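Bear in mind the structure is a predicted one, so any value in this text is a computation, not a measurement. Just so we're on the same page: letters track the sequence lines, and every chain starts at 1.
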Number of protein chains: 2
Amino acid sequence: MELYREQGFDRTTAAEIAARAGVNERTFFRHFPDKREVLFDGEADLRAALTQAVAEAPAPLQPLDTLLWAFRKAGRILEDNRPFSEPRLAVIAVTPALRERELAKHASLIEAVAEALRQRDVPDRLAGLAAQTGWAAFHHAAQAWIDDPARSLDAHLSRAFDDLRALSGTAQEAKYAARAD
Amino acid sequence: MELYREQGFDRTTAAEIAARAGVNERTFFRHFPDKREVLFDGEADLRAALTQAVAEAPAPLQPLDTLLWAFRKAGRILEDNRPFSEPRLAVIAVTPALRERELAKHASLIEAVAEALRQRDVPDRLAGLAAQTGWAAFHHAAQAWIDDPARSLDAHLSRAFDDLRALSGTAQEAKYAARAD
DNA sequence: TAAGTAATGTCAGTCACTGGCGTCAAGTAG
DNA sequence: CTACTTGACGCCAGTGACTGACATTACTTA
């Protein structure tokens, strides 16, 4: 992170990172499959938290409500990690190669969430769609929360999921949801 | 494509591709920024078709209906290109590096669609969410269409968007939508 | 403490990609 | 028709991400 922030991702070599960490370059590549992966280490935690939260959600909830519940719960990880994830996201945002990897990670998380939904007897076809849709809302909320930390992540989540529902509703509902911030 | 299909993406070098095309390796990299990009050349066409279709959609439509309309229209490009895109997708599917790039392309298309929606006065916050959500449905439909070409792409699209609506509906609606295939 | 195992260092090699430079072909102005 | 520009291509050398093979060191455990 230090190096990536100082000189940018593209201009820091794997050898530099290894040196800064006090190890050999070869050793670096034994810990991380590639240069990008360094920034996506906590992903396993988030995945575990998410799938577990989906599994633990109250039984009678609808797919999207299940996801909202799960995202609220897993969101605490984000809130706790904000000091770390903020510079991290800044680096990712300005590096196309890292954005690609981020999207791949998200896709993998979405698939895990979809699978967790299927375990809850959400119909197969709906599970994938619900996971992607819910994730989109989650992602929007997280982005809004980064830009505007004054509100809680939960508040941003509620709004994003309301927007989602408004999308499938009537014109009036959609416009209403848009007007109320 | 020949080489990627014969020996896989990872095991074909840029030099081989260049040789097969009868040019120098350096020339290859002057035409494509990198090895992956070769498989994503038609993207500009799809983007143009999509944004134009969104712009041309009947005025009174809701965001998601606008997208359904646009995807139907742009879907013809897919139908016409099926012989090309089928082996292409097969190669992408088995190569993580290519899947990453595909996700990046999709993200870029989604952003273009979102922008097209904003041009139609879809509220800012809703546009991004609608684009991602609609794209998810489109993608599911396209995938289903690849797996089951018996039905038309339009039919798959209708079903996917119905699923989408069912997600925001009541439990009964969702289960009903799932039962009807 | 000795044997075994896992982590690290060293070295050489492959390959994607880049900058610099010379060549050659196709205009284009005069 | 000629001089001049422009653009596509080939050639060469270099950087840097990774990888495999093997030696070495650190750590466990009997």
Any idea which of D:dA17, C:dT18, C:dG9 is nearest the A:Glu25 side chain? D:dA17

Could you state the atom-to-atom distance from CG of A:Asn24 to C1' of D:dA26 in whole Å? 16 Å

Expressed in angstrom and rounded to an integer, what is the separation of B:Arg11 atom CZ from C:dT14 atom C1'? 15 Å

Taking atom C1' of D:dA8 as reference, at what distance in whole Å does atom CZ of B:Phe29 sit? 17 Å

d(CG, B:Asp34; P, D:dC18) in whole Å: 14 Å

Can you check the A:Phe28 CZ to D:dT19 C1' distance for me, whole Å? 14 Å

Nearest to the side chain of B:Ala14, which nucleotide is it out of D:dA17, C:dT8, C:dA16? C:dA16

Nearest whole angstrom, please: distance from the P of C:dC15 to the CD of B:Gln7. 11 Å

Whole angstrom value for the distance that separates C1' of D:dA17 from CZ of B:Arg36: 12 Å

Salt bridge flag under 4.0 Å for residues B:Arg5 and B:Glu86: no

Nucleotide nearest A:Lys35 (side chain, heavy atoms from C-beta), chosen from C:dC15, D:dG10, D:dA17: D:dA17

The helix from C:dT1-D:dA30 to C:dG30-D:dC1: angle between terminal helix axes, five bp per end, to the nearest 10 degrees, reads 20°

Output yes when at least one side-chain N/O atom of B:Thr13 is less than 4.0 Å from OP1 or OP2 of C:dC15, else no. no

Between the base of D:dG7 and the side chain of B:Arg30, is there any donor-acceptor pair under 3.5 Å? no

Measure from the side chain of A:Val23, starting at C-beta and using heavy atoms only, and say which of C:dG9, D:dG10, C:dC17 lies closest. C:dG9

Can you check whether B:Glu16's main-chain N or O pairs, donor with acceptor, with B:Thr13's side chain at less than 3.5 Å? yes

Nearest of C:dT18, C:dT10, D:dT19 to any side-chain atom of B:Arg26? C:dT18

Report the residue from A:Asp154, A:Leu157, A:Leu153 that forms a side chain to side chain contact (heavy atoms under 4.5 Å, CB included) with A:Trp145. A:Leu153

Side-chain N or O of B:His31 less than 4.0 angstrom from OP1 or OP2 on D:dC9? yes

Only one of A:Lys105, A:Arg101, A:Arg99 forms a side-chain hydrogen bond (donor to acceptor under 3.5 Å, both in side chains) with B:Glu100, so which one is it? A:Arg101

Could A:Arg88 and A:Phe40 be counted as a cation-pi pair, given that NZ or CZ must be under 6.0 Å from the ring centre and within 45° of the axis? yes

Between B:Arg118 and B:Glu115 (salt bridge meaning N to carboxylate O under 4.0 Å), is one present in this structure? yes

Check the distance between C:dA7's P and A:Phe32's CZ and give it to me in whole angstrom. 14 Å

Checking the side chain of A:Ser168 only, and the main-chain atoms of A:Arg165 only, is there a donor and an acceptor separated by less than 3.5 Å? no

